[in-house]
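Please read the structure below before turning to the comments.
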Amino acid sequence: MSYVAVVDDEEQVRKALTRLLLASGLDAESYACGKDFLGAIAKRIPDCVLLDLHMPGMTGLDVLRELRRSRRALPAVVITAHNEPEAREECLAAGAVAYLCKPLDDRILLNTISATLSRASGGHATPGGR
Amino acid sequence: MDVHSASRRLLDLTGRWRAGAVPGPLAQMLLVAVGYYAAARVGFAFTLQPHPISTLWPPNALLLATLLLAPGRAWWWLLAAALPAHLLVELQSGVPKTMVLGWYASNCSEALIGAALVRGFVPGPLRLDSLRKVGLFLLCAVLAAPLLSSFIDAALVHLIGWGESAYWDMVQRRFAANVLAELTVGPLILTWAAFGVARLRAASMARSAETAALFGGLFAVCLVAFDLPQIDAHVAPALFYAPLPFLLWAAVRMGTPGAASAIALLTVTTIWGAVNGLGPFVDGTPADTAREMQLFLIAASVPMLLLAVALEERSRAEREAHEQRLQLTHLSRVAMLGELSGGIAHELNQPLTAILSNAQAAQHFIANKTGSPEMLSEILQDIVLADVRASEVIRRLHSLFRRGETEFRPLDVNALVGEVLDIVHGDLVTRSIEVRRHLGASLPEVSGDRVELQQVLLNLVVNASEAMSAGTAPGHRVLTVCTEAEAGAVKVSVIDSGPGFTAEQRERMFEAFYTTKAQGLGLGLSISRAIMRVHNGHLWGDANPGSGASFHITLPAA
């Protein structure tokens with residue numbers, strides 16, 4: 001079962017996204033900040049991370065740069081509640097595989113994760129459909 | 001024809017005369033005729049026999065005021081409407097028909113001269129709502145029209161050969177009687193027609209009681225001063241001043257309709273006393289009595305009318321300034337919310353994401369038959385929580401967007417700070433600004449308008465966050481908000497770690513239209529300071545010793 005990490009400072013959002021991933025047949029774990037997430041990947045590396053862009057302290061962009069600096073090839077889907085074209089460019093340049101705006105439609109989100117996991121594994125890895 | 005249809009027909013004939021509506025043309029003509037007749041009867045009643053000219057001759061003033069309210073095209077038929085009333089009232093007094101018609105002509109000439117002169121300066125119906133208009137009315141309608149028409153009147157009397165008075169005597173007496181009438185009747189009709197009736201209907205109980213006390217008191221004082229027999233000569237001069245407090249009261253509190261009504265009451269009671277041999281104006285000949293009384297009434301009326309309109313003009317200017325301040329405050333608030341739109345979208349998208357993802361998770365659980373009722377119940381509870389949060393964001397925005405009067409209420413400053421930081425949370429997050437709160441415990445409440453004080457704090461927070469975004473690297477952007485009690489007041493400080501400001505910026509930052517931002521009206525701080533002034537508070541800014549700026553507000557404890 002693919003494992004997806006959710007990093008978002010908003011508890012309600014974090015809980016809801018984790019539930020959605022679990023309901024779709026994925027394993028999911030959530031983190032309230034980039035620092036917690038980066039600390040956790042030393043123990044278990046997710047197959048994909050859903051990364052909120054705007055978080056207090058360490059932003060999603062900071063996490064992407066940290067992942068790149070530590071040479072971890074971890075597919076990251078950036079999610080944001082505040083769409084800015086420049087931020088999209090910055091995130092994609094920093095290594096994000098996708099940039100999605102909240103509120104997230106489950107089909108788009110799951111298809112994006114599915115495509116990301118598939119690319120990462122070099123085969124087909126689909127979350128359990130509904 | 002039954003009574004109902006007959007009355008409906010009458011209403012149709014006289015124009016649709018609803019409450020507050022302008023009467024139709026036929027109704028206006030009827031009103032003029034009835035008014036003219038009644039005014040002439042008053043004029044006759046106010047004649048000091050055997051003095052042939054009335055002390056107060058109101059029909060001409062009534063005609064003039066009517067013309068000033070009517071469009072120019074209606075003048076001729078309004079004047080025509082007075083003719084039957086004029087004939088009816090004058091023919092009863094045994095005056096030759098040619099003289100009756102001559103007087104009709106001179107009366108109409110007064111109304112026409114006055115109305116044409118005023119209309120030349122003020123197009124459209126006249127409202128006595130500015131010093132300029134009252135000044136024009138006094139010059140044209142009160143002075144020029146009676147003067148010019150009195151020459152015509154006296155000339156006609158001489159031509160027709162009626163009476164034995166000298167030409168100049170006639171001019172003088174008619175002029176004085178008509179000046180007083182124009183001064184008494186004109187403002188009464190013009191002010192009540194414009195806004196007096198509407199004002200009466202809208203008056204509160206307290207206002208109505210005040211009006212009753214004022215006019216009751218004035219009436220009583222006038223009765224004592226001008227309508228008692230055998231006034232002691234030593235007391236008489238003092239009695240002239242007795243109505244003054246009531247006249248001032250009317251002018252100050254009731255505006256021009258109040259002043260005009262008080263003047264009318266003073267005039268009527270004074271003349272009534274004199275024609276009945278009562279009050280202080282009974283010692284001389286009828287001509288002397290009339291002249292003294294007219295001079296007294298004119299001297300009392302003109303300043304009151306001018307005072308009333310000057311006060312009304314000033315209070316209107318104050319109301320307009322207040323309205324403009326509210327408008328500007330609102331516009332500035334809306335502009336600031338516009339700047340915050342990205343952050344606001346962020347604040348709304350978060351609960352919407354929680355609602356949508358929770359609902360879709362539940363759909364998946366149900367479809368997969370993996371969701372327990374407890375889990376679904378928990379999901380629904382979270383949906384409700386997220387919905388409440390979204391509603392709260394919208395509610396706060398709605399109160400900020402709405403335009404309203406300043407309403408003072410007891411407020412908890414810490415709660416106010418919390419609300420403002422909630423509104424701006426999305427903006428602060430997207431700008432990577434760390435927020436530190438140092439909120440004092442058990443602060444006294446302050447009295448203020450919630451929305452306006454939120455606007456002040458929002459302005460300070462937005463300025464701080466924009467300054468930090470522009471001049472401070474992410475990771476070093478810290479916004480600190482402190483509240484503390486301070487000598488009978490509550491102080492709120494908004495401290496940023498931005499680049500601070502220069503001495504020149506410090507000098508000018510509270511000026512309107514001064515801004516250091518690329519996009520900004522430069523009104524935020526000046527409006528915030530104006531709001532603080534209305535709240536008896538202070539707003540000032542300091543550059544921090546190291547870097548950044550601090551802005552402080554103090555509000556007196558409630």
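Below, all heavy atoms of this structure are taken into account, side chains as well, without hydrogens, waters or symmetry copies. So you know, we letter chains A, B, ... as the sequences are listed, proteins then strands, and number each from 1.
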Exercise. What do the steps show when you test E90(A) against R65(A) for side chain to side chain contact (heavy atoms under 4.5 Å, CB included), and what is the final call?
Worked result: CA-CA 10 Å; E90(A) 272 187 295; R65(A) 286 178 182 141; 3.7 Å; yes
Contact origin within [X] toward chain A - heavy atom pairs under 4.5 Å:
| X | value |
| --- | --- |
| H425(B) | side chain |
| L428(B) | neither |
| R389(B) | side chain |
| L356(B) | side chain |
| L385(B) | both |
| E434(B) | neither |

Whether [Y] and [X] form a salt bridge (side-chain N of Lys/Arg under 4.0 Å from carboxylate O of Asp/Glu) is what I want to check.
| X | Y | value |
| --- | --- | --- |
| E392(B) | R395(B) | yes |
| R14(A) | D52(A) | no |
| R72(A) | E66(A) | no |

Honestly, the part of E10(A) sitting under 4.5 Å from a heavy atom of chain B is side chain
Under 4.5 Å to a heavy atom of chain B? For M55(A) that would be backbone
### Query
Relative to the ring of H54(A), is the ring of H346(B) parallel (under 30°), tilted (30 to 60°) or perpendicular (over 60°)?
perpendicular
Here the gap from S465(B) atom OG to L460(B) atom CG, rounded to the nearest 0.5 Å, amounts to 11.0 Å
If you tally heavy-atom pairs under 4.5 Å between each of S432(B), A386(B), P474(B) and chain A, the highest tally belongs to A386(B)
Go through the side-chain N and O atoms of H552(B) and E486(B) and say whether any donor and acceptor fall under 3.5 Å apart. no
